[in-house]
Structures are given as C-alpha cells and as structure tokens.
Amino acid sequence: MEIIRFADIRPEPWRNGGGVTRELASHPKAASAQDGAWDWRVSIADVAKAGEFSTFPGMERVITIIDGELLLLTVDGSEHPLEKYRPFRFSGEAASAATLPTGDIRDLNVIARTDAFKGYTSIVEISKKRAHPVFEGQLAVLLEGKATVAPGAAAEEESDGDAPATATSEPVELSRYDTVVGSDSRSPEISGRGFVAVISIDHVEP
C-alpha cells in the first residue's frame with residue numbers, strides 16, 4: 001500500500017515564477033517541476049497573486065480549486081469562474097491567466113499529454129460505513145475531513161478456488177492532501193468522513 005505524504009513534498013516554483021507547486025506524482029518521474037519530461041503529472045499549487053499560468057504545449061489540463069472560494073480563469077480571452085470542488089478542463093497550450101477575487105487559493109492540477117493519456121478528476125464524499133476503493137491507474141487525495149486507508153481483500157486465488165483473503169493490515173491515518181496510490185491486486189480502501197479527489201489517468205488508444 002503506497003501513500004504519498006504531502007508533508008514530505010518539497011515545493012518548487014512555477015516555470016514562470018508566479019507560484020509554487022508540489023508534485024504528487026508524474027510519469028515518467030520528473031527530475032523537477034520544470035523539466036516537462038513527463039507524459040502526465042498530478043500536483044497541488046498555491047496561487048497567492050494574480051497573473052499568467054505556465055503553458056504546456058501538447059497537454060490538456062484539469063484544474064480543481066481545493067482551498068479558497070473562487071478563481072477567475074481567463075483562457076484564450078474567455079473568463080471562467082472556477083468554484084471550489086468543480087473540476088475544469090482546458091488546453092495546456094492556451095494563454096491563461098487568473099485573478100483572485102476572494103483571496104489566495106490552492107488548486108489540484110492534472111496535466112496529461114493529449115496523444116497518450118487522458119486525465120479525469122472526481123470529487124467524492126467518503127463514508128465510515130462504506131469504504132471507497134482506489135484502483136490501478138487512480139490516485140486519491142484527501143481534501144478535507146478525517147480518514148484512514150487499509151488494504152482491500154486480496155484477489156481470489158484461481159489455482160485452488162479459495163475465497164479471497166481478508167485484509168490483516170491495520171488502517172493507516174491520512175493527513176490532509178496525502179495521496180493514496182491505487183492498485184488492482186489489493187486495492188486500498190479509504191474510510192472516514194470528508195472529501196477526496198479521485199484522479200484517473202487513462203491511456204489513449206492510438
């Protein structure tokens with residue numbers, strides 16, 4: 001079970017110097033937030049002043065406000081009011097700039113190369129009564145509330161037809177913005193009260 005602890009991630013400046021970013025995951029793994037060698041990246045950015053966003057040619061972006069109330073994003077001359085927990089998709093090649101009518105915000109960014117991957121973000125309310133699984137190709141980021149994660153049941157052994165084994169590991173507590181990496185062999189399961197962002201990265205068929 002893989003957990004990416006937000007507290008362990010070093011902030012790095014944006015390409016254009018307009019803010020800072022903390023990279024949660026990328027593929028292939030980037031040497032820095034600025035090298036652009038990846039085909040997809042998931043990150044959390046702090047926006048403390050109005051200004052232009054970095055451009056990412058050949059990429060598509062999904063941005064979600066996760067702290068703060070409102071971001072006014074202008075994309076190729078059209079203004080879009082982005083409210084908390086409402087994902088917005090736009091071209092990484094587009095000229096884009098933001099203003100902050102209600103103050104500083106923090107956003108979750110999913111950026112994917114258009115001819116190879118497609119990124120999706122969903123905001124999910126979690127429950128103590130029903131655990132939420134995180135599958136292979138997914139990341140789940142705790143946005144608010146209190147939650148724990150535990151391994152799901154092991155996959156059924158086809159060789160002898162035994163019933164699936166039950167998880168024996170103790171639940172691990174998550175802190176705000178910690179990320180759970182999905183798996184199909186023993187999908188982690190998140191329980192608690194609050195909201196998580198579930199990010200899916202899908203291969204694009206040629």
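If you're wondering where the values come from, they're calculated on a predicted model, not measured in any experiment.
Among pairs with a residue in residues 118-139, none fulfils ring-ring contact (aromatic ring centres under 6.0 Å, His included), at least two apart in sequence or across chains. Evaluation of the ring-ring contact (aromatic ring centres under 6.0 Å, His included) test over residues 61-86, restricted to residues two or more places apart or in two chains, returns H80-F88, Y85-F195.
Side-chain atoms of S183 and E136, non-hydrogen and from C-beta on, never get closer than 4.5 Å to each other. A 4.5 Å side-chain heavy-atom check between P101 and L72 finds at least one atom pair inside the cut-off. With a 4.5 Å cut-off on side-chain heavy atoms, T21 and R41 count as touching. Contact annotation: the side chain of L143 approaches that of V141 to within less than 4.5 Å [non-hydrogen atoms, C-beta and beyond]. Between D107 and I66 there is no side-chain heavy-atom pair separated by less than 4.5 Å. Using a 4.5 Å cut-off on side-chain heavy atoms (C-beta onward), V42 and L108 make contact. Using a 4.5 Å heavy-atom threshold, the side chains of P87 and I63 count as separate. Using a 4.5 Å heavy-atom cutoff, the side chains of I3 and V172 are in contact.
Cluster annotation: V124 and V149 are assigned to the same hydrophobic cluster (Ile/Leu/Val/Met/Phe/Trp/Tyr, side-chain heavy-atom contacts under 4.5 Å, transitive). By the criterion of side-chain heavy atoms lying less than 4.5 angstrom apart, applied directly or through intervening Ile, Leu, Val, Met, Phe, Trp or Tyr residues, M1 is grouped together with V198 in one hydrophobic cluster. Under the 4.5 Å side-chain heavy-atom criterion for Ile, Leu, Val, Met, Phe, Trp and Tyr, I44 and V110 are members of the same hydrophobic cluster.
Taking the charged nitrogens against the carboxylate oxygens, R5 and D178 do have a contact shorter than 4.0 Å, which makes a salt bridge. Under the 4.0 Å criterion applied to side-chain N and carboxylate O atoms, K49 and D104 are not assigned as salt-bridge partners.
The two atoms that bring I105 and E69 nearest to each other are CG2-N, 4.3 Å, heavy atoms only. When all heavy atoms of Q138 and P133 are compared, the closest pair comes out as OE1-O, 4.2 Å. Residues I4 and A25 come closest through the heavy atom pair CD1-CB, 4.5 Å. Here the shortest heavy-atom pairing between L71 and T99 reads CD1-O, 3.6 Å. Here the closest non-hydrogen pair linking A48 and L100 is C-CD1, 3.6 Å. Among all heavy-atom pairs drawn from I65 and L82, the shortest one is CG1-O, 3.8 Å.
For the atom pair OG (S91) and CG (D76), the distance works out to 7.5 Å, reported to the nearest 0.5 Å. Atom CZ of residue R106 and atom NZ of residue K84 lie 11.5 Å apart, to the nearest 0.5 angstrom. The structure places OG of S26 at 11.0 Å from CD1 of I111, a figure rounded to the nearest 0.5 Å. Taken from CD1 in I9 to CD in E12, the straight-line distance is 10.5 Å, to the nearest 0.5 Å. Put simply, OG1 on T121 and CZ on R86 are 14.5 Å apart, with the number rounded to the nearest 0.5 Å. Remark: K128 NZ to R193 CZ distance equals 5.0 Å, nearest 0.5 Å.
No hydrogens or angles considered: a donor-acceptor pair under 3.5 Å links the side chains of R61 and N109.
Using a distance-only test at 3.5 Å, with no hydrogens or angles considered, a donor-acceptor pair links the side chain of E93 to the main chain of G58. A donor-acceptor contact shorter than 3.5 Å links the side chain of R186 to the backbone of G152.
The environment of K146 atom NZ is sparse: at most 12 non-hydrogen atoms of other residues, nucleotides or ligands sit within 6.0 angstrom. Counting non-hydrogen atoms of other residues, nucleotides and ligands closer than 6.0 Å to CD of E144 gives a total above 12.
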- Please report the C-alpha distance between E60 and R89 in whole Å, then the side-chain angles of each, then the deciding distance to 0.1 Å, and finally whether the salt bridge (charged side-chain N to carboxylate O under 4.0 Å, His left out) criterion is met. CA-CA 7 Å; E60 186 178 58; R89 184 183 302 274; 2.9 Å; yes
- Mind running side-chain contact (heavy atoms from CB on, under 4.5 Å) on Y177 and S175 for me, showing each step along the way? CA-CA 6 Å; Y177 304 131; S175 298; over 6 Å; no
- Item | side-chain contact (heavy atoms from CB on, under 4.5 Å) evaluation trace for E83 with L70 | CA-CA 5 Å; E83 298 177 333; L70 181 66; 4.2 Å; yes
- Where do L174 and V180 land on the side-chain contact (heavy atoms from CB on, under 4.5 Å) test, with the steps shown first? CA-CA 9 Å; L174 297 173; V180 177; 3.9 Å; yes
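Here F117 and W38 keep their ring centres 6.0 angstrom or further from each other.
Screening I190, L139, T179, V181 for a side chain to side chain contact (heavy atoms under 4.5 Å, CB included) with V134, the sole residue that qualifies is I190.
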